[in-house]
A.B. asks: 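The structure follows.
Below, chains carry the letters A, B, ... as their sequence lines are ordered, and counting in each starts from 1.
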Amino acid sequence: METTSVRVRFAPSPTGGLHLGGVRTALFNYLFARKHNGSFVLRIEDTDQTRFVPGAEQYIIDCLKWCNIAPDEGPHLDGHFGPYRQSERKATYRQYAEQLITQGNAYYAFDTPEELENMRNRFRTEANPSPQYDARVRMEMKNSLTMTAEELHQELEKKTPYVVRIKMPAGREILLNDMIRGEVRFQTDQVDDKVLLKADGMPTYHLAVVADDYAMQITHAFRGEEWLPSAPVHVMLWEYLGWKEKMPEWAHLPLILKPDGQGKLSKRDGDRLGFPVFAMDWQDPKSGDIAKGFREMGFLPEAFVNMLAMLGWNDGSGEEIFTLEELAERFSIERIQKAGAKFDFEKAKWFNQEWIKKSSVATLQPLVRTTLQANGIEAAEEMLGTIIPMVKDRCQLLNDFVQQSAYFFQDPAKPELELIKPKWDSNKTAFFEGWLEKTEATYADNAAALEAEFKEMASAAQLKVGELQLPLRIMLVGGKFGPPVFEIISLIGMEATQRRVKTALSELA
RNA sequence: GGCCCGUUGGUCAAUCGGUUAAGACGCCUCCCUUUCACGGAGGAAUGAGGGGUUCGAUUCCCCUACGGGCUACCA
């Protein structure tokens with residue numbers, strides 16, 4: 001019987017837009033929490049004051065909400081483990097840092113940035129291009145390990161800026177049991193004395209993540225694979241602080257990679273290759289630049305989340321389209337991929353298309369209305385309800401509804417007449433003039449009858465129906481797309497039809 | 001350089017020692033359709049290399065190669 005309830009957390013830094021990888025980490029947290037009836041906590045890791053961006057926290061909350069993976073606890077919600085912003089928990093970190101110093105597991109370091117730079121230059125060799133602040137060098141630096149009690153007291157009195165560093169033990173092997181990767185071993189001699197408390201009194205990630213995971217009783221910690229190398233520091237901290245039995249189980253998620261080349265997917269790649277990397281539009285408050293989001297690109301949240309879940313995880317069944325509920329049911333850490341996955345925007349669009357096909361008119365209608373409005377098209381609800389089922393199989397993105405339904409509401413601005421000009425002749429002009437005359441008084445609500453009449457006239461004029469029907473479509477719709485022409489006529493009515501054909505005819509003359 | 005992680009078609013991937021090595025995206029062909037899609041039927045395309053272990057390795061082990069991550073008073 002499980003006695004402790006599952007508690008997981010998503011802990012982003014409010015430094016900008018919410019990246020694909022971030023949303024996936026949040027999603028896996030959410031799915032795991034739902035599956036085990038646990039709690040999903042949002043914790044804001046705003047310990048770097050230099051990178052803090054106003055508005056980013058609310059933006060993150062909004063993104064999670066759009067994705068339907070809202071947390072149970074967080075800075076904007078109630079919860080018994082707050083505050084949920086690390087900047088508001090400053091006092092506890094200092095307390096733990098001092099405890100570690102007292103225990104002899106951490107120490108004050110007064111080295112200036114210049115002195116650190118000098119150290120790196122001094123110890124840099126070809127075999128060791130980036131020397132670390134570790135057991136080999138710490139006794140040569142300016143810290144409480146190399147100072148007398150009197151010297152230390154003086155520096156502290158003088159308010160000399162200092163950081164607190166962890167003192168990594170010598171000659172130990174740290175074994176981490178990762179839920180995705182299994183046993184991972186580290187030698188403590190290879191790990192440097194990471195800074196725990198910065199000169200400004202803020203903790204670094206290393207101290208904060210341990211203190212908060214403990215305080216918030218996190219049972220399972222998901223994070224990106226880029227954190228694996230610093231995991232031994234965190235394990236040591238759990239041990240030094242005496243909480244080893246409470247340490248969460250770790251799951252280091254594989255990275256989402258660039259579609260081409262190699263490396264982590266970055267915002268630049270999206271710009272370069274023409275797809276978004278953020279969940280929603282993000283406007284940088286300083287530059288005012290807007291980075292495109294999947295939402296604004298025309299993705300359904302269900303599709304976005306579905307696509308993300310399948311990037312690095314699958315349930316083994318071969319099925320790919322799942323609702324959030326189905327994902328939560330089937331989710332299992334054991335089936336998370338170990339290797340990074342290259343992001344494929346084509347496949348992402350396919351997921352969205354599947355979701356558009358799968359979605360009901362009722363769920364699509366408000367989204368389509370908003371999309372059309374954003375493009376200056378005011379659509380009557382009744383008309384929308386008729387059109388959506390006709391065109392939704394032709395849309396990959398919500399924005400495709402603009403092209404696929406604009407002609408129901410307005411005459412095409414620039415019909416692609418070039419497509420028919422080469423084969424155009426006076427016989428066709430004559431045919432259409434005759435057809436216009438004949439259909440002027442027609443009540444156009446019967447697509448089948450219209451089609452039959454059109455074909456009849458074509459054969460009477462000894463013209464191929466196909467060579468007339470395509471021009472008609474282009475005159476009415478603007479291009480080679482859309483549902484059957486005569487169904488379109490039956491919706492836009494004979495008046496609009498006549499007008500569009502006449503306009504086209506005069507341009508073809 | 002060091003440490004850590006990884007490696008099945010172009011991409012996402014199944015397989016948990018014995019298979020004709022699934023499926024999906026994309027691509028190509030055909031059918032349906034006098035548009036575009038949807039749908040249907042096919043096709044091309046994969047175990048990085050080398051050693052072991054084993055009756056038998058894509059699967060287990062080792063080495064190499066390659067890719068990635070980390071190596072900040074950023075997360």
A.B. asks: I'd like to know whether Asp212(A) forms a side-chain hydrogen bond (donor to acceptor under 3.5 Å, both in side chains) with Tyr84(A), so could you lay out the CA-CA distance, the side-chain angles of the two residues, the decisive distance to 0.1 Å, and finally the verdict.
C.D. replies: CA-CA 9 Å; Asp212(A) 289 344; Tyr84(A) 293 94; over 6 Å; no

A.B. asks: Base, sugar-phosphate, or nothing for Gly482(A), non-hydrogen atoms under 4.0 angstrom?
C.D. replies: base

A.B. asks: I'd like a table of atom pairs between the protein and nucleotides 71-75 of chain B - only N or O on both sides, under 3.5 Å - with the distance next to each one.
C.D. replies:
from	atom 1	to	atom 2	distance (Å)
U71(B)	O2'	Gln132(A)	OE1	3.3
C73(B)	OP2	Arg165(A)	NH2	3.4
C73(B)	O2	Ala199(A)	N	2.7
C73(B)	N4	Asp111(A)	O	3.3
C74(B)	OP2	Lys198(A)	NZ	3.2
C74(B)	O2'	Asp48(A)	OD2	3.0
C74(B)	O2'	Arg51(A)	NE	3.2
C74(B)	O2'	Arg51(A)	NH2	3.3
A75(B)	OP1	Thr47(A)	OG1	2.9
A75(B)	OP1	Lys198(A)	NZ	2.7
A75(B)	OP2	Tyr205(A)	N	3.3
A75(B)	O3'	Ser13(A)	OG	2.8
A75(B)	O3'	Glu45(A)	OE1	3.2
A75(B)	O2'	Ser13(A)	OG	3.0

A.B. asks: Which value, rounded to the nearest 0.5 Å, describes the distance between Lys455(A) atom NZ and Gln469(A) atom CD?
C.D. replies: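 Atom-to-atom, Lys455(A):NZ and Gln469(A):CD are 6.0 Å apart.
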
A.B. asks: Donor-acceptor pair under 3.5 Å: do we get one between Arg394(A)'s side chain and the base of C36(B)?
C.D. replies: yes

A.B. asks: Which atom names give the shortest non-hydrogen contact between Pro276(A) and Phe294(A), and what distance separates them?
C.D. replies: O-CE1, 3.1 Å

A.B. asks: Show, in sequence, the C-alpha distance, side-chain angles and deciding distance for Lys342(A) and Asp344(A), and conclude whether the salt bridge (charged side-chain N to carboxylate O under 4.0 Å, His left out) test is met.
C.D. replies: CA-CA 6 Å; Lys342(A) 287 184 183 171; Asp344(A) 181 356; over 6 Å; no

A.B. asks: Of Leu472(A), Ile387(A), Thr497(A), Val477(A), which is the lone residue that meets side chain to side chain contact (heavy atoms under 4.5 Å, CB included) with Ile488(A)?
C.D. replies: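 Looking at Leu472(A), Ile387(A), Thr497(A), Val477(A), the match for Ile488(A) under the side chain to side chain contact (heavy atoms under 4.5 Å, CB included) is Val477(A).
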
A.B. asks: Roughly how many Å is it from CD in Glu225(A) to P in U7(B), rounded to a whole number?
C.D. replies: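 Taking atom P of U7(B) as the reference, CD of Glu225(A) is at 10 Å.
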
A.B. asks: May I ask you to verify if any side-chain N or O of Gln187(A) is less than 4.0 angstrom from the OP1 or OP2 atom of G2(B)?
C.D. replies: no

A.B. asks: Between Tyr205(A) and Trp227(A), does the ring centroid distance fall short of 6.0 Å?
C.D. replies: yes

A.B. asks: Find which nucleotide of RNA chain B each of Lys464(A) and Glu319(A) is nearest to by heavy atoms, and output the residue with the more 5' nucleotide.
C.D. replies: Glu319(A)

A.B. asks: Nearest-Å distance, CD1 (Ile488(A)) to C1' (C36(B))?
C.D. replies: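 One finds 10 Å between C1' of C36(B) and CD1 of Ile488(A), rounded.
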
A.B. asks: Does Gly479(A) reach a base, just sugar-phosphate, or nothing at all? Heavy atoms under 4.0 Å.
C.D. replies: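 No contact at all - Gly479(A) keeps every heavy atom at 4.0 Å or more from the nucleic acid.
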
A.B. asks: Is Gln337(A) touching bases, backbone alone, or none of the nucleic acid, heavy atoms closer than 4.0 Å?
C.D. replies: sugar-phosphate

A.B. asks: Within the structure shown, what part of the strands sits under 4.0 Å from Lys349(A) by heavy-atom distance: base, sugar-phosphate, or nothing?
C.D. replies: nothing

A.B. asks: Quote, to the nearest angstrom, the C1' distance that separates U11(B) from C16(B).
C.D. replies: 24 Å

A.B. asks: Can you tell me if Arg335(A) touches the phosphate of U15(B), counting only side-chain N or O atoms and a distance under 4.0 Å to OP1 or OP2?
C.D. replies: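 Yes.
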
A.B. asks: Report the distance from atom CD1 of Ile356(A) to atom P of G39(B), rounded to the nearest whole Å.
C.D. replies: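 The answer, rounded to whole Å, is 13 Å.
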
A.B. asks: Considering only U35(B), C38(B), U11(B), which nucleotide approaches the side chain of Asp344(A) most closely?
C.D. replies: U11(B)

A.B. asks: Select base, sugar-phosphate, or nothing to describe what Gln403(A) touches, counting heavy atoms under 4.0 Å on all strands.
C.D. replies: nothing

A.B. asks: Considering only the C1' atoms, how many Å lie between C66(B) and U20(B), rounded to the nearest integer?
C.D. replies: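 Rounded to whole Å, the distance is 31 Å.
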
A.B. asks: Of the candidate nucleotides G6(B), U35(B), C25(B), which contains the atom at the shortest distance from the side chain of Lys347(A)?
C.D. replies: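 Comparing G6(B), U35(B), C25(B) against the side chain of Lys347(A), the answer is C25(B).
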
A.B. asks: Rounded to whole Å, how long is the line connecting atom CD1 of Ile420(A) with atom P of U35(B)?
C.D. replies: 15 Å

A.B. asks: Determine the interatomic distance between P on G51(B) and the same-named atom on U58(B); round to the nearest Å.
C.D. replies: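 Taking atom P in both G51(B) and U58(B), they lie 13 Å apart.
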
A.B. asks: Check every atom of C5(B), U11(B), A24(B) against the side chain of Arg181(A) and return the nucleotide holding the closest atom.
C.D. replies: C5(B)

A.B. asks: Taking only the side-chain heavy atoms of Glu354(A) (C-beta and beyond), determine which of G1(B), U35(B), G39(B) contains the nearest atom.
C.D. replies: G39(B)

A.B. asks: Given that Pro229(A) and Ala341(A) both sit by RNA chain B, which one's nearest nucleotide is further toward the 5' end?
C.D. replies: Ala341(A)

A.B. asks: Taking atom C1' in both C32(B) and G42(B), what distance in whole Å separates the two?
C.D. replies: 15 Å

A.B. asks: Could you run through RNA chain B and flag its stems, i.e. three or more consecutive Watson-Crick or G-U pairs with both distances under 3.5 Å?
C.D. replies: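 Listed by first number, the stems are B:1-7 with B:65-71, B:10-12 with B:23-25, B:27-31 with B:39-43, B:48-52 with B:60-64.
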
A.B. asks: Can you check the Ile174(A) CD1 to C70(B) P distance for me, whole Å?
C.D. replies: 20 Å

A.B. asks: In terms of side-chain heavy atoms of Phe186(A), which of C36(B), C12(B), C4(B) is nearest?
C.D. replies: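 Nearest to the side-chain atoms of Phe186(A), counting from C-beta on, is C4(B).
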
A.B. asks: Distance check needed: G26(B) C1' versus Glu346(A) CD, whole Å only.
C.D. replies: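 Taking atom C1' of G26(B) as the reference, CD of Glu346(A) is at 7 Å.
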
A.B. asks: Heavy atoms from C-beta onward define the side chain here; which of G26(B), G1(B), C4(B) lies closest to that of Ala127(A)?
C.D. replies: G1(B)

A.B. asks: I need the minimum non-hydrogen distance between Met168(A) and Asp193(A), along with the two atoms involved.
C.D. replies: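 Reported closest heavy-atom pair: N-OD1, 3.1 Å.
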
A.B. asks: Using modelled atom types and a 3.5 Å cut-off, is there a donor and acceptor pairing between side-chain atoms of Arg43(A) and backbone atoms of Gln86(A)?
C.D. replies: no

A.B. asks: Between Thr146(A) and Arg138(A), which heavy-atom pair has the shortest distance, and what is it?
C.D. replies: CG2-O, 3.6 Å

A.B. asks: What heavy-atom pair brings Ala208(A) and Pro203(A) nearest, and what distance separates the two atoms?
C.D. replies: CB-CG, 3.9 Å

A.B. asks: What interatomic distance, in whole Å, is found between C1' of G9(B) and the corresponding atom of A45(B)?
C.D. replies: 5 Å

A.B. asks: Figure out the CG/P separation between Leu257(A) and C66(B), and round it to whole Å.
C.D. replies: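 Taking atom P of C66(B) as the reference, CG of Leu257(A) is at 18 Å.
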
A.B. asks: Per the side chain to side chain donor-acceptor pair (under 3.5 Å) rule, which among Tyr108(A), Tyr133(A), Tyr107(A) passes with Asn143(A)?
C.D. replies: Tyr133(A)

A.B. asks: G1(B) and G18(B): how far apart are their C1' atoms, nearest whole angstrom?
C.D. replies: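 Each nucleotide's C1' atom is 45 Å from the other's.
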
A.B. asks: Is the shortest side-chain N to carboxylate O distance from Asp260(A) to Arg272(A) below 4.0 Å?
C.D. replies: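 Judged by the 4.0 Å cut-off on N to carboxylate O distance, Asp260(A) and Arg272(A) do form a salt bridge.
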
A.B. asks: Say we look at G47(B) and U19(B): how far apart would their C1' atoms be, to the nearest angstrom?
C.D. replies: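 Result for the C1' pair: 14 Å, nearest Å.
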
A.B. asks: Taking atom P in both U71(B) and G39(B), what distance in whole Å separates the two?
C.D. replies: 46 Å

A.B. asks: Distance check needed: A24(B) C1' versus Leu311(A) CG, whole Å only.
C.D. replies: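 Those two atoms, CG and C1', are 13 Å apart.
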
A.B. asks: Is any side-chain N or O of Asn314(A) closer than 4.0 Å to OP1 or OP2 of C12(B)?
C.D. replies: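 Asn314(A) to C12(B) OP1/OP2: no side-chain N or O under 4.0 Å.
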
